[in-house]
Enquirer: 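Quick one: the structure is below, and I'll ask about it shortly.
Just so you know, ligand 1 is whichever comes first in the structure, and atom 1 is the first atom listed for that ligand. Computed from a prediction, not measured in an experiment: that's the story for all the values here.
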Amino acid sequence: MQLKHTEQIKQTALVTGAASGLGFELALLLAKDGYDLVLVDINIEKLQEVKEEIAALYPSDIQLINKDLSQQNVSEEIFQALEGKSINVLINNAGFGIFGSFNDTDWERDAAMLNLHVLTTTHLTKLILKGMVARGSGKIMNMSSLAAFQPGPLMSLYYASKAYILSFSEAIANELKGTGVTVTVLCPGQTKTCFQEVVSNGTNASENKIKFNIACPTEVAEYGYKAMQKGKVVAIPGTFNKFLSRLPRFVPRRTVTAIIRKIQEKNRGN
Ligand SMILES: NC(=O)c1ccc[n+]([C@@H]2O[C@H](COP(=O)([O-])OP(=O)(O)OC[C@H]3O[C@@H](n4cnc5c(N)ncnc54)[C@H](OP(=O)(O)O)[C@@H]3O)[C@@H](O)[C@H]2O)c1
């Protein structure tokens, strides 16, 4: 059957970690723009609430996928759950932080974070990218952080894994030039979401104490969303954050590393 001139084919966006914070804000922006949604999160109750909240505002078709994205082979399971549905926008957003000296943090939690930030982000991108390239269009956004630009003592694996996401995203953005698929990597500074309250030190949550330069999640999501729609590769919200991201170019790396340690001690230390 031929589509009427005015009828548009609906596009679908998949967002991970969509039950709260930046993922939720990005899902709202996508729904507002008319996308159907596939929302993935570990927390099914919150995911259900988000679905109801979005459905009350916008007419999007919303599929929920309840998965722990730190588990092995989870990307394959998500891909199967899509049952051939085309994904036009992929946002790899889910993530969490671990505070503490590398020698002291819990390995199972360390490995879960690395699996989530590195393996799941990479595998889900690979699985969904193939369809995008075949169709000659698509947008991918990977969630990195200002943490990606220098080493982070006392959050070493978090900073290192976010640096991986930045490097990986910039590299494939370059590879994909001319295919119709763009890759954006969003690098927010501190943002007021649940993330800041639940950065784990292995045993309990540690709320951050530095209240300076904390962004609003709605504004960060809007900035990232616009950057993704324009196909911008590296998106750093905020003038001060842009300045901070460039600091390692002008100050010796070991000095920046020492400053980050001081900030982490002051921010999350006892
Ligand atoms: N907030 C910041 O200051 C900041 C700054 C830079 C970058 N970021 C990045 O932004 C992204 C989103 O964080 P946010 O600030 O929006 O935090 P958030 O409010 O905690 O949202 C993260 C969402 O991801 C979910 N999630 C966590 N682990 C998961 C897993 N293994 N499987 C499936 N879902 C999982 C969380 O579920 P639960 O709540 O149930 O765990 C939550 O719904 C993260 O990648 C984070 O690293 C945040």
Side-chain angles (χ1 to χ4, degrees), residues 14-29 38-51 53 64-75 77-78 91-99 108-121 123-124 141-149 152 155 157-166 169 184-200 205-208 210-221 223-225 234-238 241 244-245 263-264 267-268:
L14 188 155
V15 185
T16 71
S20 78
L22 293 169
F24 167 64
E25 297 291 342
L26 287 161
L28 266 180
L29 291 168
V38 179
L39 306 180
V40 187
D41 203 282
I42 195 168
N43 188 326
I44 187 61
E45 284 84 22
K46 274 204 284 175
L47 209 48
Q48 200 66 50
E49 285 171 22
V50 160
K51 179 176 178 173
E53 199 171 331
L64 301 183
I65 302 182
N66 180 212
K67 292 281 179 199
D68 177 352
L69 293 160
S70 68
Q71 298 295 307
Q72 276 194 346
N73 303 324
V74 70
S75 303
E77 291 169 18
I78 292 169
I91 302 187
N92 285 302
N93 159 75
F96 65 89
I98 299 173
F99 175 79
E108 275 189 27
R109 190 95 179 124
D110 292 345
M113 194 189 68
L114 292 176
N115 278 342
L116 171 59
H117 292 184
V118 178
L119 291 183
T120 302
T121 299
H123 195 193
L124 205 52
M141 186 204 284
N142 291 330
M143 188 64 77
S144 180
S145 164
L146 207 53
F149 296 90
M155 284 188 77
L157 298 182
Y158 180 79
Y159 278 59
S161 62
K162 291 296 181 180
Y164 169 86
I165 293 173
L166 175 63
S169 304
T184 298
V185 55
L186 181 58
C187 305
Q190 290 201 100
T191 308
K192 198 167 172 40
T193 64
C194 299
F195 173 91
Q196 292 296 344
E197 278 108 61
V198 298
V199 169
S200 157
S206 65
E207 191 181 346
N208 69 328
I210 298 177
K211 305 291 181 194
F212 168 69
N213 192 35
I214 299 191
C216 153
T218 314
E219 286 171 13
V220 171
Y223 179 88
Y225 186 73
V234 180
I236 304 169
N241 290 335
L244 290 177
S245 74
I263 292 171
Q264 288 297 348
N267 201 8
R268 296 196 171 87

Enquirer: Output all residues satisfying ring pair (Phe, Tyr, Trp, His ring centres under 6.0 Å) with Tyr159, sequence neighbours left out; order by chain, then residue number.
Expert: none
Enquirer: Report yes or no: does Tyr158 have a heavy atom closer than 4.0 Å to ligand 1?
Expert: yes
Enquirer: I'd like to check Met113 versus Leu157 (side-chain heavy atoms, cut-off strictly below 4.5 Å). Are they in contact?
Expert: yes
Enquirer: Checking contacts here: is it the side chain or the backbone of Lys192 that comes within 4.0 Å of ligand 1, counting heavy atoms only? Could be both or neither.
Expert: neither
Enquirer: Under 3.5 Å, N or O to N or O, is Leu22 touching ligand 1 that way?
Expert: yes
Enquirer: Out of curiosity, is Ser144 lining ligand 1, as in a heavy atom under 4.0 Å away?
Expert: yes
Enquirer: Which ligand 1 atoms does Cys194 reach within 4.0 Å, using its non-hydrogen atoms?
Expert: 19 (O), 20 (O)
Enquirer: Report the C-alpha separation of Phe149 and Ile236 in whole Å, then their side-chain angles, then the decisive distance to 0.1 Å, and conclude whether the side chain to side chain contact (heavy atoms under 4.5 Å, CB included) test is met.
Expert: CA-CA 11 Å; Phe149 296 90; Ile236 304 169; 3.7 Å; yes
Enquirer: Using a strict 4.0 Å cut-off to heavy atoms of Met143, name the atoms of ligand 1 that fall inside it.
Expert: 9 (C), 10 (O), 11 (C), 45 (O)
Enquirer: Do any N/O atoms on Ile42 end up under 3.5 angstrom from N/O atoms on ligand 1?
Expert: yes
Enquirer: Flag Leu69 as yes when one of its N or O atoms lies below 3.5 Å from any N or O atom of ligand 1, and as no otherwise.
Expert: yes
Enquirer: Has ligand 1 got any nitrogen or oxygen that is less than 3.5 angstrom from a nitrogen or oxygen of His117?
Expert: no
Enquirer: Could you tell me which atoms of ligand 1, counted from 1 in the order shown, lie closer than 4.0 angstrom to a heavy atom of Gly21?
Expert: 16 (O), 19 (O)
Enquirer: Which of the numbered atoms in ligand 1 are below 4.0 angstrom from a heavy atom of Lys46?
Expert: 39 (O)
Enquirer: Quick one: which ligand 1 atoms are inside 4.0 Å of a heavy atom on Asn43?
Expert: 40 (O)
Enquirer: Can you tell me if Thr121 and Asn142 form a side-chain donor-acceptor pair at under 3.5 Å?
Expert: no
Enquirer: Salt bridge (Lys or Arg N to Asp or Glu O under 4.0 Å) with Glu77: which residues, sequence neighbours excluded?
Expert: Lys67
Enquirer: With heavy atoms under 4.0 Å as the rule, classify the contact between Thr16 and ligand 1 as side chain, backbone, both or neither.
Expert: neither
Enquirer: What about Ser145: any of its N or O atoms under 3.5 Å from an N or O on ligand 1?
Expert: no
Enquirer: Under a heavy-atom criterion of less than 4.0 Å, does Lys162 contact ligand 1?
Expert: yes
Enquirer: Keeping the roles fixed (side chain from Ser144, backbone from Lys162), state whether a donor-acceptor pair exists under 3.5 Å.
Expert: yes
Enquirer: List the steps and the verdict of side chain to side chain contact (heavy atoms under 4.5 Å, CB included) for Glu25 and Tyr225.
Expert: CA-CA 10 Å; Glu25 297 291 342; Tyr225 186 73; over 6 Å; no
Enquirer: Can any side-chain N or O of Ser145 pair as donor or acceptor with the backbone N or O of Cys187 at less than 3.5 Å?
Expert: no
Enquirer: Could you check which of Asn66, Ile44, Thr191, Leu116 puts a non-hydrogen atom nearest to atom 2 (C) of ligand 1?
Expert: Thr191
Enquirer: Please check this pair: side chain of Thr120 against backbone of Asn115, looking for a donor-acceptor N/O pair closer than 3.5 Å.
Expert: yes
Enquirer: I need the atoms of ligand 1 closer than 4.0 Å to a non-hydrogen atom of Gln190, numbered in the order shown.
Expert: 3 (O)
Enquirer: Check ligand 1 against Lys67 and write out every atom of the ligand that is under 4.0 Å from a heavy-atom position of the residue.
Expert: 32 (N), 33 (C)
Enquirer: Taking Thr193 for the side chain and Phe195 for the main chain, is one N or O donor matched with an acceptor at less than 3.5 Å?
Expert: yes
Enquirer: Looking at ligand 1, is there an atom of it that comes within less than 4.0 Å of some heavy atom belonging to Gly189?
Expert: yes
Enquirer: How many angstroms lie between atom NZ of Lys46 and atom CG of Asp41, to the nearest 0.5 angstrom?
Expert: 6.5 Å
Enquirer: Any donor-acceptor pair under 3.5 Å linking the side chain of Asn267 with the backbone of Ile263?
Expert: no
